[in-house]
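Structure first, then comments.
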Amino acid sequence: MKKFGLILLMSLVAFGVLLPILWMFDTSLKTMIETAHLPPRWIAPEMSLQAYVDMFNFLPFARYTLSSLITASATTVLTLVIGSLAAFALSRFVFRGKHLFLLVMLLSQMLPGSSIIIPFFELIRDLRLFDTHVGLILVHSAVQLPFVIWLLYGFFRTIPQEVEDAALIDGCSRLEALFRVLLPLALPGLGATAIFAFLGSWNEFFFALILTSSDATQTIPVGIGLFVGEYLDVWNQMSAAAVLFSLPPLVLFLLVQRTFIKGLSAGAIK
Amino acid sequence: MRRRITPILLLLPALVFTLFVLVYPLVLNLANAFRQVSLIHGVGQWVGLKNFVRVMQDEVFWLSLKNSILYAGLGTILSMVFGLFAALLLNIKIGRITSVFKLIYTIPWVISPVVAGFAWKWILNDQSGLINHWLKQLGLISDNITWLGSADTALLCVIIARVWQFFPFAMVMFFAGLQAIPVEQYEAADVDGAKSLDKLFHITLPNLRTVTGVLLLLGLIWSFNDFNMVFVMTRGGPIQASMVLPVLVREYSFVQFNLGKGSALSILIFMVLFGLSLLYLKVYSRRESL
């Protein structure tokens, strides 16, 4: 009986937590007229996937998606390559300034976006990279890198040094040991880190909003964020766009939820 | 000799990026703040503290400061209260079903803040929003409330949305903290005949002290920094009633085109957050050796 009560309580909380998302999903299945129906209702006489088709005409959603994919993928690759090298150095070598470097990595995750956006903007503009994918990729990578290094450093440290020592005795160089031994062993960690880096860039709004200005380079969150409230009567299509945009994060989250939750509790995720 | 060079070479790309993300922006920002810099006319002459004085003379700055403190403070504390509640609920052993609930409760933290803001904006819509409809059905209100359109309620609504989005983080942290409490402490209390509430206040909560500290600082830092929720839901409106400092930086720099004034404000924000971050580092390095 006590167990039943608890499950009921948990279900109620779950409904409350999911309510805004459920309502958004429900709205995405409605017609535009139905979204203005009074009183609002969950089940309308006419429900379809039409909004998911119409929104491609209303927003340049295909372009936004392409930009988001390009930016997030390139950011993931760039940060993982640079991050692996750095994390390798940090976890396998003893050198001066290591402690300081780690502290700086931790500290720069706290850096307010609003206090670095103006210099970023000026630099990107002066490099003639304003409103380009490359510009946004560089900025996203710079912002994500400390966190990626921090995660990879944690994963690399769990792999015993002896495994590499064996490879070194067999005549591998340090770099070969990194690529042939350490990285393959750290593959699950690399995968999880890649997902974090991808999502970080995929969901990022502030820098993308300020550093892009045309349909061809704006990412999905910028498209949604800018149009919210501007066009008041297309709630169904906006909902459809928001649902589609949320699918990759949700799927990836389900894939790595264990690592994700562990990472969360390590206090490392923004 | 070669051994010494190798780690530096490996770190070099990361160092370049760190300089780009940390050192360069801060230096340039500092230089900007003491100059006249316009988005359109470019860099002008040195103006001393004039930009800072302009910021301080702006009523909106003081309103935004108040709002930011409220948003960060209230948002963080409420997130922690709900997070602790959810963590305690999940910690009761009733079988595998709890892991499903844990997954569901984490979802607001996973979806993009832009989507979160959008979903809340829609559900709070004054005409066809679900919230107004339900409140009317319950007889709590007779007329529709313009939640995001009136100065009294706008900031409060954004804070609620922020709590909704941020509480899962607190929950997961608290949950990990609960798992780490040694079972022996509870067993000893059982032997002494302690009641559940005694155990909560004398064993559970004291053991969560460090997690609480870390959460409070991280929550304050991140919420104080947060641009997304306010921008998506209200743009700082109506008439700047829900303006917070990060949104004001954008307003100064890219709407009023005054990069000098924007830089001055962003340095003020940085100083507040740098203090909080150092405090966090102190707590963190005590908890975990690097």
Side-chain angles (χ1 to χ4, degrees), chain A residues 3 6-7 10 14 17-18 20-21 23-24 27 35-36 38-40 82 85-86 88-89 93 95 99 102-104 106-108 110 112-116 118-120 122 141-143 145 149 174 203 205-206 210 221 224-225 228-229 235 238 242 245-246 249-250 253 257 261 264-265 267 270, chain B residues 4 6-7 10-11 13-14 17-18 20-22 24-25 28-29 32 86 89 92 94 97 101 103-105 108 110-115 118-123 128 130 133 169 172-173 176 214 218 221-222 225 227-228 232 246 249 253-254 259 262-263 266-267 269-270 273 277 280-281 290:
Chain A
K3 187 177 166 181
L6 270 171
I7 292 181
M10 284 179 167
V17 167
L18 288 180
I21 302 172
W23 184 238
M24 178 177 82
T27 304
T35 56
L38 290 176
I82 297 177
L85 294 177
F88 178 55
F93 290 87
F95 56 94
H99 199 74
L102 282 168
L103 273 181
V104 171
L106 194 62
L107 206 61
S108 54
M110 309 283 143
S114 58
S115 75
I116 45 178
I118 299 170
F120 271 3
E122 287 184 292
S141 300
V143 176
L145 192 61
I149 292 178
R174 296 293 298 236
N203 283 341
F205 177 58
F206 183 59
I210 287 170
I224 294 177
V228 172
W235 289 103
M238 290 298 298
F245 171 60
S246 305
L250 283 176
F253 166 62
Q257 39 128 337
I261 285 174
L264 263 183
S265 44
K270 286 202 228 188
Chain B
R4 273 194 159 166
T6 320
L10 290 168
L11 274 177
F17 264 95
T18 310
F20 171 57
V21 71
L22 208 71
Y24 170 81
L28 187 67
N29 227 3
N32 272 345
L89 205 59
I92 304 170
I94 55 164
I97 189 143
F101 283 114
L103 209 62
I104 293 177
Y105 296 169
V110 182
I111 65 167
S112 159
V114 174
V115 172
F118 167 76
W120 275 93
K121 193 170 169 146
W122 173 223
I123 209 168
S128 4
L130 206 54
H133 170 60
F169 179 73
V172 171
M173 295 274 281
V214 170
L218 276 181
I221 292 169
W222 289 343
N225 278 346
F227 167 90
N228 303 335
V232 172
V249 170
S253 314
F254 301 103
L259 292 182
S263 297
S266 68
I267 283 179
I269 296 179
F270 175 77
L273 286 163
S277 301
Y280 170 75
L281 272 191
L290 288 170

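Within every chain, numbering begins at 1; the chains are lettered A, B, ... in the order of the sequence lines, protein sequences first and strands thereafter.
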Inset, instruction - Measure the spacing between CZ of B/Phe17 and CD1 of A/Ile82 and express it to the nearest 0.5 Å. - result: 4.5 Å
Legend entry - Residue part contacting chain A, namely of B/Ser253, when any heavy atom lies under 4.5 Å: side chain
Legend entry - Pairwise distance OG1(B/Thr18) to CD1(A/Ile149) - rounded to 0.5 angstrom: 6.0 Å
Legend entry - Nearest non-hydrogen partners of A/Pro119 and B/Tyr24, listed with the distance: O-CE2, 4.2 Å
Inset, instruction - Would you mind checking which part of B/Val249 comes under 4.5 Å of any heavy atom in chain A, side chain (CB onward), backbone (N, CA, C, O), both or neither? - result: side chain
Legend entry - Atom of B/Asn225, atom of A/Pro112 and distance for their closest heavy-atom approach: OD1-CB, 2.9 Å
Inset, instruction - Using side chain to side chain donor-acceptor pair (under 3.5 Å) as the criterion, list what pairs up with A/Ser246, not counting sequence neighbours. - result: none
Legend entry - Part of B/Leu273 within contact of chain A (heavy atom distance under 4.5 Å): side chain
Legend entry - Pairs of heavy atoms under 4.5 Å with chain B: top-ranked of A/Ser115, A/Ala14, A/Ala242, A/Ala89: A/Ser115
Legend entry - Residues forming a side chain to side chain donor-acceptor pair (under 3.5 Å) with B/Asn32, sequence neighbours excluded: A/Glu122
Legend entry - From CG (A/Leu6) to CG (B/Leu89), nearest 0.5 Å: 6.5 Å
Inset, instruction - Name the member of B/Ile269, B/Ile97, B/Leu259, B/Ile92 that forms the most heavy-atom pairs with chain A at distances under 4.5 Å. - result: B/Leu259
Inset, instruction - Examine whether an atom of A/Phe206 lies under 4.5 Å from a heavy atom of chain B, and if so say whether it belongs to the side chain, the backbone or both; otherwise answer neither. - result: both
Inset, instruction - Could you pull out the closest heavy-atom pair between A/Trp23 and B/Ser128, with the gap in Å? - result: CZ2-O, 4.4 Å
Inset, instruction - For residues B/Trp122 and A/Thr35, report the shortest heavy-atom separation together with the two atoms involved. - result: CH2-O, 3.5 Å
Legend entry - Nearest non-hydrogen partners of A/Asn203 and B/Ser112, listed with the distance: OD1-CB, 3.2 Å
Inset, instruction - Pick whichever of B/Ala119, B/Pro113, B/Ala86 has the most heavy-atom pairs under 4.5 Å with chain A. - result: B/Ala119
Inset, instruction - For side-chain contact (heavy atoms from CB on, under 4.5 Å), just list the numbers for B/Ile111 and A/Phe253, CA-CA rounded to whole Å, side-chain angles, deciding distance to a tenth of an Å, and then say yes or no. - result: CA-CA 9 Å; B/Ile111 65 167; A/Phe253 166 62; over 6 Å; no
Inset, instruction - Enter the distance from A/Phe95:CZ to B/Leu11:CG here, rounded to the nearest 0.5 Å. - result: 4.5 Å
Legend entry - Top contributor to chain B interface from A/Pro249, A/Ser114, A/Gly113, A/Pro39 [non-hydrogen pairs under 4.5 Å]: A/Ser114
Legend entry - Distance in Å, A/Ile116 CD1 paired with B/Asn29 CG, rounded so as to fall on 0.5 Å steps: 9.0 Å
Legend entry - Which portion of B/Ile94 sits near chain A, non-hydrogen atoms under 4.5 angstrom: both
Legend entry - For chain B, the option from A/Leu250, A/Ile224, A/Ile210 that forms the most heavy-atom pairs under 4.5 Å: A/Ile210
Inset, instruction - Supply the atom-to-atom distance A/Ile21 CD1 to B/Phe118 CZ, rounded to the nearest 0.5 angstrom. - result: 12.5 Å
Inset, instruction - Just give me the residue among A/Ala36, A/Ala86, A/Pro40 that pairs up with chain B most often, heavy atom to heavy atom, under 4.5 Å. - result: A/Pro40
Legend entry - Nearest non-hydrogen partners of B/Pro108 and A/Val17, listed with the distance: CG-CG1, 3.5 Å
Inset, instruction - Kindly assign one of parallel, tilted or perpendicular to the pair A/Phe205 and B/Phe227, based on the angle between their ring planes and the thresholds 30° and 60°. - result: tilted
